[in-house]
2 protein chains.
Amino acid sequence: MNAGPPGPVRTLRPARTTATRQKLFDASMELIGERGAAGVTVDEIAAAAGVSKGTVYYNFGSKSELIAQLLRHGVDILKARLQEAPGQEAAAQGAATAVSGDPLLAMEAMIGQALDFMSEYPSFARLWVSENWRTPSEWQGTFAVLRGELLAVIGEAVERVAQAYPVDSTVPRGSLETAIFGACFVVGLDRQTYHPERTRDQSVAAIMAFMRGYVLQQPGPRG
Amino acid sequence: MNAGPPGPVRTLRPARTTATRQKLFDASMELIGERGAAGVTVDEIAAAAGVSKGTVYYNFGSKSELIAQLLRHGVDILKARLQEAPGQEAAAQGAATAVSGDPLLAMEAMIGQALDFMSEYPSFARLWVSENWRTPSEWQGTFAVLRGELLAVIGEAVERVAQAYPVDSTVPRGSLETAIFGACFVVGLDRQTYHPERTRDQSVAAIMAFMRGYVLQQPGPRG
DNA sequence: TTATTTGAACTGACTGGTCAGTTTGGTTAG
DNA sequence: CTAACCAAACTGACCAGTCAGTTCAAATAA
């Protein structure tokens with residue numbers, strides 16, 4: 001904990017600071033993803049970022065705060081990826097407004113984006129699963145918020161499927177979203193760690209089995 | 001690391017040692033599940049087990065080895081649970097030999113067992129997901145072996161489903177097993193951490209959506 | 001039965017080292 | 001000119017692993 005030196009101004013951050021923070025994010029992501037938050041020292045992070053230890057404290061105030069902001073940073077990227085996947089543009093306006101594409105295809109695109117993210121930022125995925133479910137965690141609040149944001153995006157996509165297709169109403173929506181969300185992380189990490197030979201599309205297909213089991217019989221959107 | 005004092009005899013372990021080891025397993029599981037392997041000290045574990053620090057080293061040689069044996073211990077319990085779930089007794093003997101029950105129901109029972117295990121040993125589940133995908137982990141080999149054992153049990157159950165029902169052959173078996181496996185952990189942990197109001201059966205239903213999406217149309221075993 | 005021995009199991013103070021966070025006095029870039 | 005950064009020393013807490021000594025139950029001797 002640290003009351004903190006002056007600290008970088010919150011508004012209109014200059015270019016140098018932004019670059020420094022980015023370098024620190026990159027280095028932390030890599031190291032913490034490999035060895036865990038507790039297993040990495042601030043000295044190591046600073047060295048890997050090519051920056052002095054004091055700069056870390058100048059910019060973030062504490063190791064804990066650095067990690068909290070790192071989590072926020074990663075989630076912002078993932079959220080953006082999910083939302084820019086094809087078919088995500090049209091949200092629930094009225095009821096079953098006619099939208100462009102097939103929501104199941106949109107879902108598939110979204111899962112593909114999620115898996116691509118896991119490939120691109122495997123360290124973030126490891127950090128997430130490592131720290132997410134710790135009960136008295138320093139980042140409990142942070143995780144609750146970020147988790148909610150991500151599940152909301154997935155929830156919208158599921159909602160669109162549920163409006164276009166007849167779905168199994170005995171499957172609770174929340175648990176389904178959780179299962180999909182978790183499967184993306186786990187399948188992505190497992191592929192990277194234990195089965196690099198498995199393709200992206202195979203993984204997407206496996207996770208999409210979820211959605212195919214959720215919708216009731218017969219293809220054809222607009223149930 | 002520790003060449004090790006005499007060390008407890010491997011065969012015919014006396015009652016005292018067995019009890020001590022069990023106490024250490026219980027205490028470690030609890031503490032490590034909450035704060036992570038690196039976040040817990042050997043002193044704490046010893047104190048929580050009501051045992052001196054030296055005893056930990058007498059019995060396990062090192063913190064690392066204690067955790068490795070803890071992982072093995074937990075997996076043995078989980079494996080036993082999965083295998084004793086109803087409908088797991090008949091394995092693949094020839095091809096589609098007539099077995100007792102519906103493999104889909106057996107699958108459902110198995111997932112239920114897995115979720116019960118996650119409820120009963122949430123700390124083990126947290127330890128697993130925290131350390132499983134670390135790349136140069138001290139327990140890399142341990143995890144590879146244990147993961148294989150668990151996936152094999154799941155694989156047999158999936159195999160039985162595939163023999164009784166027509167299934168979607170475009171979904172790779174390995175990825176599917178991974179997804180189910182991971183979903184059990186994540187849904188179980190999420191329930192415990194964020195949504196205690198969700199019931200066991202709701203969670204089972206959500207994960208079973210996987211299997212329903214895997215089998216092609218129309219109910220009725222013995223395709 | 002009682003005394004003595006043995007050694008596995010256990011104890012806890014101690015050591016050497018590590019690490020988060022601080023401070024200070026200077027340097028650089030915008 | 002000043003916010004941002006650097007380098008390096010320092011503090012105080014914490015921690016994995018060690019080891020000389022203790023306990024006690026069972027084996028053996030008297």
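Chain letters run A, B, ... following the sequence lines, proteins first and then strands; every chain starts at 1.
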Please set out all donor-acceptor pairs under 3.5 angstrom arising from side-chain atoms of residues 110-117 of chain A, sequence neighbours excluded.
unit_1 : atom_1 : unit_2 : atom_2 : d
A/D116 : OD1    : A/R200 : NH1    : 3.0
A/D116 : OD2    : A/R200 : NH1    : 2.5

| Does B/R160 pair with B/E156 as a salt bridge, N-O distance under 4.0 Å? | yes

| field | Test: A/E149 and A/R72 ion pair at under 4.0 Å | value |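 Salt bridge present between A/E149 and A/R72.
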
Base, sugar-phosphate, or nothing: which does [X] touch, judged by heavy atoms less than 4.0 Å apart?
X     : result
A/G50 : sugar-phosphate
B/G54 : base
A/T55 : sugar-phosphate
B/V56 : nothing

| field | For A/R134, side-chain contact (heavy atoms from CB on, under 4.5 Å) partners two or more places apart | value |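 A/E131, A/S137, B/S130.
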
| said: Restricting to side-chain contact (heavy atoms from CB on, under 4.5 Å), what partner residues turn up for B/E65, sequence neighbours left out? | reply: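 In terms of side-chain contact (heavy atoms from CB on, under 4.5 Å), with neighbours along the sequence ignored, B/E65 is linked to B/S62, B/A68, B/Q69.
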
| Taking OP1 and OP2 of D/dA8, is either one under 4.0 Å from a side-chain nitrogen or oxygen of A/S52? |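 No, because none of the side-chain N or O atoms of A/S52 sits under 4.0 Å from OP1 or OP2 of D/dA8.
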
| query | Any donor-acceptor pair under 3.5 Å between the side chain of A/K53 and the base of D/dA7? | reply | no

Nearest-Å distance, [atom1] ([X]) to [atom2] ([N])?
X     : N      : atom1 : atom2 : value
B/F60 : C/dC10 : CZ    : C1'   : 14 Å
B/R21 : C/dA8  : CZ    : P     : 16 Å
A/L24 : D/dA4  : CG    : P     : 14 Å
A/R35 : C/dT18 : CZ    : P     : 14 Å
A/K23 : D/dC5  : NZ    : C1'   : 10 Å

Closest nucleotide among [options] to the [X] side chain:
X     : options                : value
A/Y58 : D/dC6, C/dG21, D/dA4   : D/dA4
B/N59 : D/dA16, C/dC10, C/dA20 : C/dC10
A/Y57 : D/dC5, C/dA8, C/dG21   : C/dG21

| field | Partners meeting side chain to side chain donor-acceptor pair (under 3.5 Å) with B/D201 (sequence neighbours left out) | value |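 Side chain to side chain donor-acceptor pair (under 3.5 Å) check on B/D201 returns nothing, list empty.
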
I'd like a table of donor-acceptor pairs (distance under 3.5 Å, sequence neighbours excluded) in which one partner is a side-chain atom from residues 25-35 of chain B, with atom names and distances.
unit_1 : atom_1 : unit_2 : atom_2 : d
B/D26  : OD1    : B/Q22  : NE2    : 3.1
B/S28  : OG     : B/L24  : O      : 2.5
B/R35  : NH2    : B/E44  : OE1    : 2.7
B/R35  : NH2    : B/E44  : OE2    : 2.5

| query | By a strict heavy-atom criterion of less than 4.0 Å, which residues belonging to residues 41-48 of chain B are in contact with DNA chain D? | reply |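 Those residues are B/T41, B/V42.
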
